[in-house]
There are 4 protein chains.
Amino acid sequence: MTGETILPSRPDVPKRRGRQRSLVVQAAILKATGELLEKKPLREITADAIARRAGVSKATLYKWWPNKNLIAVDAFEARMNEIVPIPDTGSAEKDFIEQFKSAIDFYKSPGGRIICQFIAEGQSDSDLLALFRERFVKPRREGPRLMWQRGVERGEIRPDVDKELFLDLIYGPMIYRLLVGHCPLDHTQAEAIIAAVFQGMKAIPS
Amino acid sequence: MTGETILPSRPDVPKRRGRQRSLVVQAAILKATGELLEKKPLREITADAIARRAGVSKATLYKWWPNKNLIAVDAFEARMNEIVPIPDTGSAEKDFIEQFKSAIDFYKSPGGRIICQFIAEGQSDSDLLALFRERFVKPRREGPRLMWQRGVERGEIRPDVDKELFLDLIYGPMIYRLLVGHCPLDHTQAEAIIAAVFQGMKAIPS
Amino acid sequence: MTGETILPSRPDVPKRRGRQRSLVVQAAILKATGELLEKKPLREITADAIARRAGVSKATLYKWWPNKNLIAVDAFEARMNEIVPIPDTGSAEKDFIEQFKSAIDFYKSPGGRIICQFIAEGQSDSDLLALFRERFVKPRREGPRLMWQRGVERGEIRPDVDKELFLDLIYGPMIYRLLVGHCPLDHTQAEAIIAAVFQGMKAIPS
Amino acid sequence: MTGETILPSRPDVPKRRGRQRSLVVQAAILKATGELLEKKPLREITADAIARRAGVSKATLYKWWPNKNLIAVDAFEARMNEIVPIPDTGSAEKDFIEQFKSAIDFYKSPGGRIICQFIAEGQSDSDLLALFRERFVKPRREGPRLMWQRGVERGEIRPDVDKELFLDLIYGPMIYRLLVGHCPLDHTQAEAIIAAVFQGMKAIPS
DNA sequence: GAATAAACGAGACGGTACGTCTCGTCTTATG
DNA sequence: CATAAGACGAGACGTACCGTCTCGTTTATTC
């Protein structure tokens, strides 16, 4: 289980007998973890540190989450619920350029770096990776998916290419460069990538 | 330092005074590490295990390598020196399809999975990441780079798009799917990706 | 801190919040250490060996004791609480001869040899030496002190010589020979030493 | 073997075939060890440190000495060859008081503390202890032995008490207090000990 | 003078213990 | 009875020192 289930925090539910502190405790844990994530990489955050900072027993941590990685997912999600507005310029390519630029800005920011850490840790923690896909990849692809949809409807984007492939064509290079750092990644690159994706690499027969 | 420096083993260099660094020992360490890498993920490999398996003192490990990750790089490289032949069908697109398919096969194999682990560990070990770029990313991009060159010369590939960007457009989506696993990655996908990269996403005005 | 503080086990003290220090664990550590002390010299006993034998984590050792020497003190004390009865023959000199003989027997036994090891290790571990004085030297001198008292009261021993000096006059030569081994140390010597101490070395003017 | 054997340096002995043992090297080792002994306790001196300071290979150390403790004995002896003059006041008791005071001064000095370390290390290194007896205990008892002799001849000291026992009666308490530190040890104590040894502990029947 | 042999420096090496750290579980007293 | 406090077993970490070994160099004796 991950804390997610408590987030709706339905106040109408008849309260259980006994102690009701749960929600306070869960929130404290997520808050503490979120703060720690800002200060140090996921790998260096210890369960003890989370418990200490949250003023919570370590046993409580393990009661609600199987390990600290999954706490981090919940904690990170809690700070990520701001909806990223998707642009609507009337041109799919321009929409993507704009969105892609702000995506790059985000992924290069401290907050975005945490995403990389989830992918990294996910390589040896399949639960984490699965949750990451569910909670971050899927929802965050919704906006671009909509932009793609509009582009197809407006006849700007080829309808015969798989939507997911289209998205990976754009975000794949970004993630790759972000993780490996073999090439720069900035607004200039953003425009070049979008242009390349749209125009294709085939030489125009002149 | 990483073991690399001993590999050239220039016999003309005047040997130092004391006991010479034992090539047998270095080889045993790399061999042991390589074998362990086949059996378990990098994260689960311990310095003790390498030392034990190689019949070597732990101090010797730390004398020559700063940590086990960099041993793993050297060990993995030692098993990777087979040159991947690049296809030459006469068509750049066909060349890329073929090469891309075998790249995917490799990255999905146990050996290729180790690459993912390097990227993962590299997120919290910048020395590892730098070495990884130098030893794996750079050399392995040589083949595709040549294929790109030929494609440009034959007038099949646009010369005005940065070579590195072109490569990331192809391999970025692969790495992304490999690491995150949100979409399938097989020969069919390989063809679709190459086709998309070449033809571009812009709808053909009919 | 050394385990001592738990031994009185005052049940009236309000217990702390969390899990209590396990007496079973402490006992196992002391038992294991005691058994090891019987088999090998203190210097050759390792923290790992104690932990392994006690079925205990090494961290637990270091949590309660700063190092293995102080564990050994506690362990040794635990096996030493048998009170050595002091003789009461009516003659101070005879009392001392008897007590001194059994002291020598003890110090030459495996158990007594441990005392020498404490003194030896104490030369480079002042905490150990201080604890040794407090736990062994002081209590074990009580009996002889009482014998001295009786001798003084009965008018057999000069009251004007410092009690501690008197004791060192007897036990000093024993310790010296025990540690350095330059001269024999047996019951015959015991009698000779006591006689010499009582009668003095001054030639009797005839 | 310990370096001692080279000291006689018999030049008539037919020299062996190869390169000769370098006296410079031996001297450098002893000098370096002596200097280290002044700065830190024997236990903390490492073979590497000696080798480094002497500008000598560690192998050379182990070629001529079985371990660092025995080097230390040789090194310490080299700085100890000053002959301690024994007093001759005409009174044995006064002689002993004077000699005992300067003995205490020495044993409490940094140099004298090394003696304690030899005894301490000797408890787990019988070679060291044997050598210590031979090189230090035996020769340093010569002076007091002579004083005893004169006292006996002058009719001041009882001739029927074993000479060694007499010496231990004096130096035993000193060593004991020196090693264990349970009682003070100074010039006042020196006088009291000698007085007690001479006069005996028996109450004078009045 | 060349061959031979040991001493020597440098320093690599296997072994072993150190004391610390984090993990995830378990126990106990408190609210 | 859910928690906090925190003890605990397991086991990896990277460091330190030990005493041995293997080189290449130096210094002497012997042929």
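Only heavy atoms go into these numbers, but all of them, side chains included; no hydrogens, no water, no symmetry mates.
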[X] [atom1] to [N] [atom2]: how many Å, rounded?
X       : N      : atom1 : atom2 : value
B:Ile71 : F:dG14 : CD1   : C1'   : 12 Å
B:Leu61 : F:dA16 : CG    : C1'   : 16 Å
C:Arg21 : E:dA29 : CZ    : P     : 16 Å
B:Trp65 : F:dC13 : CH2   : C1'   : 18 Å
B:Asn69 : F:dC13 : CG    : P     : 10 Å
A:Ile29 : F:dT3  : CD1   : P     : 9 Å

Quick one: is [N] close enough that its OP1 or OP2 comes under 4.0 Å of any side-chain N or O from [X]?
X       : N      : answer
A:Gln26 : F:dA2  : no
C:Gln20 : E:dT30 : no
C:Trp64 : F:dC8  : yes

key: Donor-acceptor pair under 3.5 Å, D:Arg19 side chain vs E:dA6 base   =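 When only heavy-atom distances are counted, D:Arg19 does not reach the base of E:dA6 through any donor-acceptor pair under 3.5 Å.
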key: Under-3.5 Å donor-acceptor pair between A:Lys58 side chain and E:dG24 base   =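 Such a pair is found, so the answer is yes.
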Can you check whether [Y]'s main-chain N or O pairs, donor with acceptor, with [X]'s side chain at less than 3.5 Å?
X        : Y        : answer
B:Gln123 : A:Ala120 : no
A:Asp48  : A:Ala51  : no
B:Asn67  : B:Leu70  : yes
A:Asn69  : A:Ala72  : no
D:Lys68  : D:Leu42  : yes

task = Could you say whether C:Lys68 or A:Tyr62 is positioned toward the 5' end of DNA chain E, judged by the nucleotide with the nearest heavy atom to each?
result =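 The residue mapped nearer the 5' terminus is C:Lys68.
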Least distance between heavy atoms, B:Leu36 atom then B:Arg53 atom =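 Shortest heavy-atom contact: CG-CD, 3.9 Å.
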ask   = Which of residues 41-57 of chain B have a heavy atom under 4.0 Å from DNA chain F?
value =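 Those residues are B:Thr46, B:Ala47, B:Asp48.
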query = Of all the choices, E:dC13, E:dA7, F:dA7, which nucleotide is nearest to the side chain of D:Lys63 once you look at every atom?
reply =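 Out of E:dC13, E:dA7, F:dA7, the nucleotide with an atom closest to D:Lys63's side chain is E:dA7.
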request  = Assign each of C:Val25 and B:Ala59 to its nearest nucleotide of DNA chain F by heavy atoms, then name whichever residue's nucleotide is nearer the 5' end.
outcome  =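 Between the two, 5'-proximity favours C:Val25.
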inquiry  = I'd like to check the ring pair (Phe, Tyr, Trp, His ring centres under 6.0 Å) partners of C:Phe132; sequence neighbours left out, ordered by chain and number.
reply    =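 Scan of C:Phe132 (ring pair (Phe, Tyr, Trp, His ring centres under 6.0 Å), adjacent residues dropped) gives C:Phe136.
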